[in-house]
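Just so it is clear, the structure is predicted and the values come from calculations on it, not from any experiment. Every chain is numbered from 1, with letters handed out A, B, ... down the list of sequences.
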There are 2 protein chains.
Amino acid sequence: MLAITHPAPDLMELAIRPDPVADAGQILVGVRAAGLNRADLHQRAGKYPAPPGWPADIPGLEYAGEVRSLGAGVKRWQIGDRVMGLVGGGAHAECVVVNEREAIAVPTEMSYADAAAIPEAFLTAWDALVFRGRAVDGDRVLVHAIGSGVGTAATQLGRELDLAIIGTSRSADKLERCRALGMVHGVLTSDSDWPARVGDPVQVIIDTLGATALEQNLALLAPKGRLVVLGTMTGGRAPGLDLSLVLRKRLTIVGTAMRVRSLEERIDLVARFVERVLPMFVDGRLKPVVDRVVPMRQIETAHQAMKQNETFGKVVLVW
Amino acid sequence: MLAITHPAPDLMELAIRPDPVADAGQILVGVRAAGLNRADLHQRAGKYPAPPGWPADIPGLEYAGEVRSLGAGVKRWQIGDRVMGLVGGGAHAECVVVNEREAIAVPTEMSYADAAAIPEAFLTAWDALVFRGRAVDGDRVLVHAIGSGVGTAATQLGRELDLAIIGTSRSADKLERCRALGMVHGVLTSDSDWPARVGDPVQVIIDTLGATALEQNLALLAPKGRLVVLGTMTGGRAPGLDLSLVLRKRLTIVGTAMRVRSLEERIDLVARFVERVLPMFVDGRLKPVVDRVVPMRQIETAHQAMKQNETFGKVVLVW
């Protein structure tokens, strides 16, 4: 198979690799499209190695494609079925092997490019809102970097879950586009007094900014509020933490990441997602937001676009 | 009624105040004994004011005594019943008024002095272990200041819940006494390399130290570990927070406090406690740890003993 590899930091090559083989309970998927994630940029820079059990030098955390072969005992899928899902690495290749229970059926009539934009964004956003953030009906939820894949997914999910989604972005245009997705209030972080513009306290914050926003985030939370940290775009080490405030307001700070989860955890989350969220793609209430579709061999262009924060929603790579 | 008051920081007086009156759904309790808490020291210093709805200048967060009068509609209690419980303030007085549903029956044959040592220590420890920390069977749980009221309660509860309680203290003697209560491993925090002596990573930390221990606490947590912050004895502002670590290990930092909880929250916790924990006092599996019983008019002595960290378990004041 062909695969993107990064033999050294900042270097990406198209390599020929042996096809992986589906073991018992696994399926081999022919990848047709694969989402790009900020984690791929970190991995390429040598800062975010793949967890054990996944290809060490092939990036890519999500895929959509068709089932090409079945390992022993596989019952859920047949050859030719259209599937999508998360992997711990290796999706920017012509094939991936996954456990049959972590694959998700692609809704009929949805393109592979659209499907590949779903897994990381929507599983992450849903898990962050519902399980990490425990957002419930009517909660005000602040989502940083609202124009990202996770942000645009959280906006739509929030709308369907009756949450009031407040978004931040450095781009007025992205805020405007998120309003059309259901965001109730947008805040430009280029304003130095952006925290004041959030308005009333929020019950949940979905944060990808990290260090520089920590103090403001904690100040914006209502009593018993939850800060869900998904990323550290502005830095990993915050200059301080007001534990007295955390105690007094009974706040929760919770870090989360998809990639490091065990197979059992992924399977559990996927099962719930298939029951609760997938039907909303089938009936059209949720739509993946695809900024652009880029041929796999132009992956360098895709990386640069993401690095420049030019993109709204997801960048998808196709073979 | 007589009541301890603190008309100004560092000043404590015995004052005569009008008896409070039980409104509908409330009971008036004649206080026979009341636990002392570190929060009383903070309140006295002017740093921890009572929440709205509670006496502003009478300290005391827990009581044991007998029901003296019933507000309209009270069904659960009769005059003369022996009760104990939490209050947001005012327990260092001859009477308190509480909602009938937040009072807990004192087990038959238990003294008021022992009963007054239960509510803050055991409700806080149980809530921290089970609901905030989500400790489950077999978890390793690090409890700082293991010789405190909350620490000795957590040790016994941990033993009954099949948790492995690891305790820290600056006193070898307190560690030894906690071993007898079920602590499986003790760590002297006077050793500068105390974190290395904790051993394997822990799933939960019950922390009353705060700022200076934050970095070590996060390092000691296993993946998906929970740091429950109950106090900030070493300072309220930590010099930094490694959010990358929080994300990578998927850690949770949660602050909690009893005093600021709403009536509904207190009633809910008490109902669960009565069902799950109270029976263990009745059958003798749990025992409040009372360091000393001090007459209310010698409260200054009691404050000083707590300030010097001389005490093991609870200090109880009696009229």
Checklist entry - How long is the gap from NZ on B:K224 to OG on A:S262, to the nearest 0.5 Å? => result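 It comes to 6.0 Å.
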Checklist entry - From A:L245 CG over to B:R237 CZ, what is the distance, rounded to the nearest 0.5 angstrom? => result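 With rounding to 0.5 Å, CG (A:L245) is 9.5 Å from CZ (B:R237).
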Checklist entry - By a 4.5 Å heavy-atom criterion (distance strictly below it), what part of A:L251 contacts chain B: side chain, backbone, both, or neither? => result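 Contact with chain B: backbone only.
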Item to check | For B:L243, the option from A:T234, A:L241, A:V229 that meets side-chain contact (heavy atoms from CB on, under 4.5 Å) | outcome: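 Per the side-chain contact (heavy atoms from CB on, under 4.5 Å) rule, the option paired with B:L243 is A:V229, out of A:T234, A:L241, A:V229.
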Under a 4.5 Å heavy-atom cut-off, does chain A meet the side chain of [X], its backbone, both or neither?
| X | result |
| --- | --- |
| B:R261 | both |
| B:L230 | backbone |
| B:K249 | neither |

Among [options], residue most engaged with chain B (heavy-atom pairs, under 4.5 Å):
| options | value |
| --- | --- |
| A:I253, A:T256, A:V254 | A:I253 |
| A:G231, A:G255, A:G210 | A:G255 |
| A:P239, A:P223, A:G235, A:A211 | A:P239 |

Next on the checklist: On a heavy-atom basis, which atom in B:S244 and which in A:T232 lie closest, and how many Å separate them?
Outcome noted: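 Result for this residue pair: OG-OG1, 4.0 Å.
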Next on the checklist: Would you say that more than 12 heavy atoms from the other residues, nucleotides or ligands in this model lie under 6.0 Å from the CD of A:E265, or not?
Outcome noted: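 Atom CD in A:E265 is crowded, with more than 12 foreign heavy atoms closer than 6.0 Å.
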Checklist entry - When you look at CD of B:E215, are more than 12 heavy atoms from neighbouring residues, nucleotides or ligands closer to it than 6.0 Å? => result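 Open: at most 12 neighbouring heavy atoms sit under 6.0 Å from CD of B:E215.
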Next on the checklist: Could you check whether any side-chain heavy atom of A:V260 comes within less than 4.5 Å of a side-chain heavy atom of B:R250, counting everything from C-beta outward?
Outcome noted: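 They are in side-chain contact.
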Next on the checklist: Counting C-beta onward and ignoring hydrogens, is there a side-chain heavy-atom pair between B:T252 and A:T252 closer than 4.5 Å?
Outcome noted: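 Side chain of B:T252 against side chain of A:T252, heavy atoms only: contact under 4.5 Å found.
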